[in-house]
Protein chains: 2
Amino acid sequence: MSKVSSSREAKPRGIREIELADQVFSALAHPARRQILLSVHNRGECNAGDIAKRFECSWPTTSRHLATLVNSGLLKVRQNGRERVYRADNRLLQRLLSKWAGYFGEDC
Amino acid sequence: MSKVSSSREAKPRGIREIELADQVFSALAHPARRQILLSVHNRGECNAGDIAKRFECSWPTTSRHLATLVNSGLLKVRQNGRERVYRADNRLLQRLLSKWAGYFGEDC
DNA sequence: TTTTTAATTAGCAAAGTTGCTAATTAAAAC
DNA sequence: GTTTTAATTAGCAACTTTGCTAATTAAAAA
C-alpha cells in the first residue's frame, strides 16, 4: 500500500497512473475501508467519531483506516475544533474507474 | 484476499456483491497482478511461460500470482498438453466497475 | 485550571503476503 | 524408458497489514 507521494515535482504521466492504480486498489482492498469510503460518500461529511461508532472495530483501528484512505487520496479531512471532518474526494476513483472501464468495459 | 467460494449453494445477493468486491479489489491490489491481467487481456490468450518470461519476478512467483487471479475469477485457465493457457474473464470486473461507477461516477 | 471529550499515535502480537530456491508433477520428445 | 520441457507446489525468510490496548494530544467545558 503506497503512500501518496508528497513531492511537488511534476511526474511523467505513466508514473502518475501507476501510482493512481496502486493507491486506489490498495486502499480498497480492505472491506472496512470500502465500507468507510461508501459511508462517508453517502453521508457527505462525517467526523471520526460518527464513523468509528458505526463500525465494529475499535476506534483506533478505524482511525488508521481513515488515515490510509486520506493517504490514498480518496478522503479529504479538515479540522473543526477538536473534531476531524472527513469527506470523500471522488476524483481519483472516477479517473481510475473510467480508465479501467476503457480497458475492460463492454460499453460506456 | 479471499479465495472464491466453491460451494454450490445459492447465496444472497448482498453476500455475492461483497465477495465480488473483495475478490477483485484484493486481486488487483498488487501491481504485478494488474500487469499480468492487462497483459493477458490484451493478448487474448497466454500460457504461463509466455507470461513468466515477460515479468521480472521468478516463474514460481508469477505462477502464484496467476493462481490468485484465477481464484479471484479474473482469469480462466485451460490445460493444453503440458501448457496451461490463461485468458481473461472480464465479467466480474465489468460488474464491479459498473457498480462502483454507479456509486461514484459523474456520468455514464 | 482541572476535567472531559475527540481523536490520534505508540507499541506489540497475530496473521497474511511476497519472493526466492529446491522439489515435484506430468506431458512430449527422443 | 529416459530425458527434456512446462509448470506448479513446498518450504522458508522478510516484510506488511491488521487489530488490540494503553498512552498521548489538544480543544472544549466546567
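Quick note on labels: first sequence line is chain A, next is B, and so on, each numbered from 1.
- Checking D/dA23 for Watson-Crick or G-U wobble geometry (two distances, each under 3.5 Å) identifies C/dT8 as its partner.
- Using a 4.0 Å cut-off, some side-chain N or O of A/Ser58 falls inside it from OP1 or OP2 of D/dC20.
- Here B/Arg82 does not reach the OP1 or OP2 of C/dT25: none of its side-chain N or O atoms lies under 4.0 Å away.
- Of the candidates D/dA6, C/dT18, C/dA7, C/dT18 carries the atom nearest the B/His30 side chain, counting heavy atoms from C-beta on.
- B/Leu69 has its CG atom 16 Å from the P atom of D/dA7, to the nearest Å.
- Out of C/dT8, D/dA6, C/dC20, the shortest distance to the side chain of B/Cys57 is found at C/dC20.
- By the rule that hydrophobic residues join a cluster once side-chain heavy atoms approach within less than 4.5 Å of another member, A/Ile51 and A/Val70 end up as members of one cluster.
- Remark: P of C/dA28 and CZ of B/Arg84 are 14 Å apart, rounded to the nearest angstrom.
- Between A/Arg78 atom CZ and C/dA7 atom C1' the separation is 16 Å, expressed in whole Å.
- Nearest-nucleotide assignment on DNA chain C puts the 5′-proximal partner with A/Asp50, out of B/Ala32 and A/Asp50.
- Atoms CD (A/Gln79) and C1' (C/dT5) sit 14 Å apart, rounded to a whole Å.
- For the pair B/Trp59 CH2 and C/dA22 P, the interatomic distance rounds to 17 Å; values are reported in whole Å.
- In this structure, the nucleotide among D/dC20, D/dA6, D/dT18 sitting nearest to the side chain of A/Arg33 is D/dT18.
- Ion pairing between A/Arg78 and A/Glu45 holds under the 4.0 Å rule for side-chain N and carboxylate O.
- Nearest nucleotide to the side chain of A/Arg64, out of D/dC20, C/dA7, C/dC20: D/dC20.
- The side chain of B/His65 contributes no N or O atom lying less than 4.0 Å from OP1 or OP2 of C/dT17.
- Taking atom NZ of residue A/Lys53 and atom P of nucleotide C/dA6, one finds them 8 Å apart after rounding to whole Å.
- Going from atom CG of A/Asn80 over to atom P of C/dT8 covers 13 Å, rounded to whole Å.
- Set against D/dA7, C/dA7, C/dT8, the side chain of A/Asn47 has C/dA7 as its closest nucleotide.
- Both A/Leu20 and A/Leu93 are assigned to one and the same hydrophobic cluster, defined by single-linkage of ILVMFWY side chains at heavy-atom distances under 4.5 Å.
- Nearest to the side-chain atoms of B/Pro60 among the listed nucleotides D/dA10, D/dT21, C/dA7 stands D/dA10.
- Per the geometry, CD belonging to B/Glu83 stands 15 Å off C1' belonging to D/dT8, to the nearest Å.
- Comparing C/dA7, D/dG19, D/dT8 by their closest approach to the side chain of B/Ser63 singles out D/dT8.
- The phosphate of C/dA6 has neither OP1 nor OP2 within less than 4.0 Å of any side-chain N or O from A/Tyr86.
- Centroid-to-centroid, the aromatic rings of A/Phe104 and B/His41 come within less than 6.0 Å.
- Using a 30° and 60° split on the angle between ring planes, A/Trp100 and A/Phe25 fall in the perpendicular class, above 60°.
- Put simply, A/Trp59 and A/Leu75 are part of two different groups of oily side chains (I, L, V, M, F, W, Y) that touch within less than 4.5 Å, one to the next.
- Between A/Thr61 and D/dT18 there is no side-chain polar atom (N or O) within less than 4.0 angstrom of OP1 or OP2.
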